[in-house]
Colleague: 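The structure follows.
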Amino acid sequence: MPHAHSQKVHVYHTTAPTCFWSWGYEAVFNRLPLVYGDQIDIHVLTSCVYDDFREYLKHYDMTFDEMIEWTKEGSEIMGVPLATNLRRAMLPRSMMPATLAAMAAYRQGPPKGARFNRAILRRWNLELQDVTTEETLLAAAEEAGLNVARFRRNLADANGLQKDLEHQGHDFPHLPIGFYNIAITDGDSRTVILDHAFEPAVVENAIDWLSGNALTKAVPRNISGYLHEHGPAPLMEIARVFGVPRESAKKQLIALEKKNQAARLTLAGVSHWRAA
């Protein structure tokens with residue numbers, strides 16, 4: 001087990017810039033640093049949902065219509081909106097260009113890489129943009145605050161990005177860690193694996209148990225700052241990140257709207273909020 005002598009709790013997860021489970025986990029992985037800071041270590045590995053869409057459907061023994069139903073089910077499980085008005089012609093043959101673009105973004109540091117990943121997640125899972133095109137990738141890079149010229153250069157390094165992709169996860173424990181679950185370990189003898197843990201409180205309970213309730217927990221409050229840092233977010237995400245009921249989150253967002261500190265937009269047919 002890695003980090004056997006560390007006093008920290010370690011959180012492990014696999015994400016992908018086009019995976020709808022990853023969009024559902026944004027609240028968890030954006031809240032944990034706000035609550036625990038550097039008292040815990042978070043390890044996220046970037047992967048790819050599929051490299052060949054036909055093989056993907058075959059592997060999961062799904063028809064296209066069944067995939068749409070699975071997406072609807074995923075939205076219900078996660079509690080966040082997803083666009084489900086997909087047509088088959090919208091699906092790129094391979095999502096690997098988006099994954100390699102995320103690897104290129106991470107070369108400018110984890111915060112900007114994660115912000116780029118989020119921009120792609122939203123563009124695909126809510127806006128149904130083709131996130132394998134250069135135009136969309138560059139727009140996401142600009143949104144994420146990347147050095148776009150450097151990103152372009154890195155994006156051209158296909159072989160290097162493939163190596164980056166393949167050389168991840170050396171510090172991961174030998175556990176079944178995928179898109180829909182999280183592994184949390186004390187770095188010694190205890191590990192908790194959580195499936196569909198989209199409520200941050202569930203993850204925090206595991207962290208607190210593994211740490212013996214020894215960690216100091218901050219209370220996030222700056223919703224306006226969160227929207228500036230992360231971009232448009234649905235109501236459920238705000239409620240989860242700030243640990244408040246949805247009605248309370250909505251009242252705070254409306255108050256920010258009145259102060260021109262937040263603005264509403266509709267994504268996947270549902271209200272979201274962004275920084276004004």
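Quick caveat, the model's predicted, so the values are computed rather than measured.
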Colleague: Specify whether His170 and His167 have parallel, tilted or perpendicular ring planes, treating 30° as the upper limit for parallel and 60° as the lower limit for perpendicular.
Modeller: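 Plane angle between 30° and 60°, so tilted.
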Colleague: Where do Thr185 and Asp188 come nearest, in terms of heavy atoms and distance?
Modeller: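 Residues Thr185 and Asp188, closest heavy atoms: OG1-N, 4.2 Å.
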Colleague: Is Lys8 salt-bridged to Asp186, cutoff N-O under 4.0 Å?
Modeller: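 Looking at Asp186 together with Lys8, the answer is no, because their closest N to O distance does not fall below 4.0 Å.
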Colleague: Are Val35 and Leu194 in one and the same hydrophobic cluster, where Ile, Leu, Val, Met, Phe, Trp and Tyr link if side-chain heavy atoms are under 4.5 Å apart?
Modeller: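 Both belong to a single hydrophobic cluster.
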Colleague: Hey, which of Thr191, Ile40, Val203 is the one that makes side chain to side chain contact (heavy atoms under 4.5 Å, CB included) with Ile184?
Modeller: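 Going through the options one by one, the only one that passes is Val203.
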Colleague: Before you tell me yes or no, could you show the steps for Met78 and Phe20 under side-chain contact (heavy atoms from CB on, under 4.5 Å), namely the whole-Å CA-CA distance, both residues' side-chain angles and the distance that decides it to 0.1 Å?
Modeller: CA-CA 9 Å; Met78 296 184 295; Phe20 61 66; 3.8 Å; yes
Colleague: Do the rings of Phe198 and Tyr25 sit parallel, tilted or perpendicular, given the 30° and 60° boundaries?
Modeller: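 If you compare the ring of Phe198 with that of Tyr25, the planes turn out tilted.
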Colleague: Would you say Gln39's side chain and Tyr36's backbone share a donor-acceptor pair under 3.5 angstrom?
Modeller: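 At least one qualifying donor-acceptor pair exists.
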Colleague: Taking Ser211 for its side chain and Ile207 for its backbone only, find out whether a donor-acceptor pair lies under 3.5 Å.
Modeller: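 Yes, the answer is positive, given that a donor and an acceptor are paired below the 3.5 Å cut-off.
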Colleague: Do the charged groups of Asp130 and Arg123 touch, with an N to O distance under 4.0 Å?
Modeller: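 No salt bridge links Asp130 with Arg123.
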Colleague: Quick one: closest heavy-atom pair of Cys48 and Phe179, and the distance?
Modeller: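 Closest pair (atom of Cys48, atom of Phe179, distance): O-CZ, 4.0 Å.
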Colleague: Hey, are the side chains of Val11 and Phe29 touching, using non-hydrogen atoms and a 4.5 Å cut-off?
Modeller: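 A side-chain contact exists here, since the closest heavy-atom pair is under 4.5 Å.
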Colleague: Do you know the tightest heavy-atom contact between Pro17 and Thr46?
Modeller: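 Answer, listing the atom of Pro17 first, then Thr46: CD-CG2, 4.2 Å.
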Colleague: Once rounded to the nearest 0.5 Å, what's the spacing between atom CG of Leu32 and atom CD of Glu204?
Modeller: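 Nearest 0.5 Å value for the CG-CD distance: 6.5 Å.
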Colleague: Is it the case that the side chain of Arg274 and the backbone of Leu227 share a donor-acceptor pair, with hydrogens and angles ignored and the cut-off at 3.5 Å?
Modeller: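 Not a single qualifying donor-acceptor pair exists.
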Colleague: For Asp195, is the CG atom crowded, meaning more than 12 foreign heavy atoms sit under 6.0 Å from it?
Modeller: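 Counting neighbours around CG of Asp195, more than 12 heavy atoms of other residues, nucleotides or ligands fall under 6.0 Å, so yes.
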Colleague: Do NZ/NE/NH1/NH2 and the carboxylate oxygens of Glu69 and Lys72 come within less than 4.0 Å?
Modeller: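 Between Lys72 and Glu69 there is a salt bridge, with a charged N closer than 4.0 Å to a carboxylate O.
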Colleague: Please confirm whether the backbone N or O of Glu26 pairs with a side-chain atom of Arg240, one donor and one acceptor, at under 3.5 Å?
Modeller: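 No: the side chain of Arg240 does not pair with the backbone of Glu26.
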Colleague: With a 6.0 Å cut-off (strictly less than), is the heavy-atom count around CD of Glu127, excluding the residue itself, greater than 12?
Modeller: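 Atom CD in Glu127 is crowded, with more than 12 foreign heavy atoms closer than 6.0 Å.
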Colleague: Going by atom types alone, do His13 and His43 pair a side-chain donor with an acceptor below 3.5 Å?
Modeller: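 Per modelled atom types, His13 and His43 side chains form no pair under 3.5 Å.
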Colleague: Is a side-chain N or O of Asn205 found less than 3.5 angstrom from the main chain of Ala201, in a donor-acceptor match?
Modeller: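 Checking the backbone N and O of Ala201 against the side chain of Asn205, a donor-acceptor pair under 3.5 Å is found.
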Colleague: How close do Ala140 and Ala119 get, heavy atom to heavy atom, and via which atoms?
Modeller: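 Looking at all heavy atoms of both residues, the shortest contact is CB-CB, 3.9 Å.
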Colleague: Does a side-chain heavy-atom distance below 4.5 Å link Phe53 with Pro92?
Modeller: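 Not in contact.
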Colleague: So, the side chain of Ser75 versus the backbone of Thr71: is there a donor-acceptor pair under 3.5 Å, distance only?
Modeller: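 No; judged by distance alone, with no hydrogens or angles, the pair does not exist.
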Colleague: Quick one, Glu143 with Arg122, criterion salt bridge (Lys or Arg N to Asp or Glu O under 4.0 Å). Give me CA distance, side-chain angles, the key distance, then yes/no.
Modeller: CA-CA 12 Å; Glu143 176 186 331; Arg122 189 193 74 248; 2.8 Å; yes
Colleague: Are Val49 and Ile182 connected into the same hydrophobic cluster when the rule is that any two of I, L, V, M, F, W, Y join if their side-chain heavy atoms are below 4.5 Å apart?
Modeller: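 Linked within one cluster.
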Colleague: Do His196 and Asn181 have a side chain donor and acceptor closer than 3.5 Å?
Modeller: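 Checked: His196/Asn181 side chains show no N/O donor-acceptor pair below 3.5 Å.
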Colleague: So, Arg152 and Glu134, do they make that salt bridge, N to O below 4.0 Å?
Modeller: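 A salt bridge is present here (some side-chain N lies under 4.0 Å from a carboxylate O).
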Colleague: Report yes if some heavy atom in the side chain of Ile238 is under 4.5 Å from a heavy atom in the side chain of Lys250; otherwise report no.
Modeller: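 The answer is no, as the side chains (C-beta and beyond) never meet within the 4.5 Å cut-off.
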Colleague: Look at atom OH of Tyr180 and say whether more than 12 heavy atoms of other residues, nucleotides or ligands are closer to it than 6.0 Å.
Modeller: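 No, not enclosed.
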Colleague: If you apply the rule side-chain contact (heavy atoms from CB on, under 4.5 Å), what do you find for Leu146 with Arg115, and how did you get there?
Modeller: CA-CA 9 Å; Leu146 295 176; Arg115 182 65 182 85; over 6 Å; no
Colleague: Working note: Leu235 + Trp273, criterion side-chain contact (heavy atoms from CB on, under 4.5 Å); need CA distance, chi angles, decisive distance, verdict.
Modeller: CA-CA 8 Å; Leu235 177 61; Trp273 278 264; 4.0 Å; yes
Colleague: Is the closest basic N to carboxylate O distance between Glu199 and Arg31 below 4.0 Å?
Modeller: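 Not counted as a salt bridge, because no side-chain N and carboxylate O are separated by less than 4.0 Å.
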Colleague: Which pair of non-hydrogen atoms, one from Thr132 and one from Ser94, has the smallest distance, and what is that distance?
Modeller: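 The pair with the smallest heavy-atom distance is CG2-O, 3.4 Å.
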Colleague: Inspect the surroundings of CZ in Arg190 and state if more than 12 heavy atoms from other residues, nucleotides or ligands are less than 6.0 Å away.
Modeller: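 More than 12 heavy atoms, drawn from other residues, nucleotides or ligands, come within 6.0 Å of this atom.
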Colleague: Could you tell me if the side chain of Gln162 sits less than 4.5 Å from the side chain of Asp164, heavy atoms only?
Modeller: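 Not touching, per the 4.5 Å side-chain cut-off.
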Colleague: So with a 6.0 Å cut-off around NZ of Lys251, is the heavy-atom count from everything else above 12?
Modeller: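 Open.
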Colleague: Has Ser22 got a side-chain atom pairing as donor or acceptor with Ala16's backbone, closer than 3.5 angstrom?
Modeller: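 Yes; judged by distance alone, with no hydrogens or angles, the pair exists.
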Colleague: Would you check if the distance from the ring center of Trp70 to the ring center of Tyr60 is below 6.0 Å?
Modeller: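 Yes, ring centres under 6.0 Å apart.
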Colleague: Looking only at non-hydrogen atoms, find the nearest pair between Phe242 and Pro220 and report the distance.
Modeller: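 In this case the closest contact between Phe242 and Pro220 is CD2-O, 3.3 Å.
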Colleague: When you look at Phe116 and Phe151, which way does the side-chain contact (heavy atoms from CB on, under 4.5 Å) test go after all the steps?
Modeller: CA-CA 11 Å; Phe116 175 85; Phe151 175 74; 3.8 Å; yes
Colleague: Please check this pair: side chain of Thr63 against backbone of Glu66, looking for a donor-acceptor N/O pair closer than 3.5 Å.
Modeller: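 Answer holds: yes.
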Colleague: If we only count heavy atoms from C-beta on, is the His272 to Pro81 side-chain gap below 4.5 Å?
Modeller: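 Yes, side chains in contact.
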Colleague: Does a side-chain N-to-carboxylate-O contact under 4.0 Å join Glu237 and Arg118?
Modeller: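 Yes, Glu237 and Arg118 are salt-bridged.
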Colleague: Within the structure provided, determine whether Gln129 and Ile120 are in side-chain contact (heavy-atom separation under 4.5 Å).
Modeller: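 Heavy-atom side-chain distance check fails, nothing below 4.5 Å.
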Colleague: Look only at the side chain of Arg88 and the backbone of Phe64, and say whether a donor-acceptor pair between them is shorter than 3.5 Å.
Modeller: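 Judged by distance alone, no pair lies under 3.5 Å.
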Colleague: For the backbone of Lys163 and the side chain of Glu166, can you confirm whether one donor and one acceptor N or O come within less than 3.5 Å of each other?
Modeller: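 Here the side-chain-to-backbone pair does not exist.
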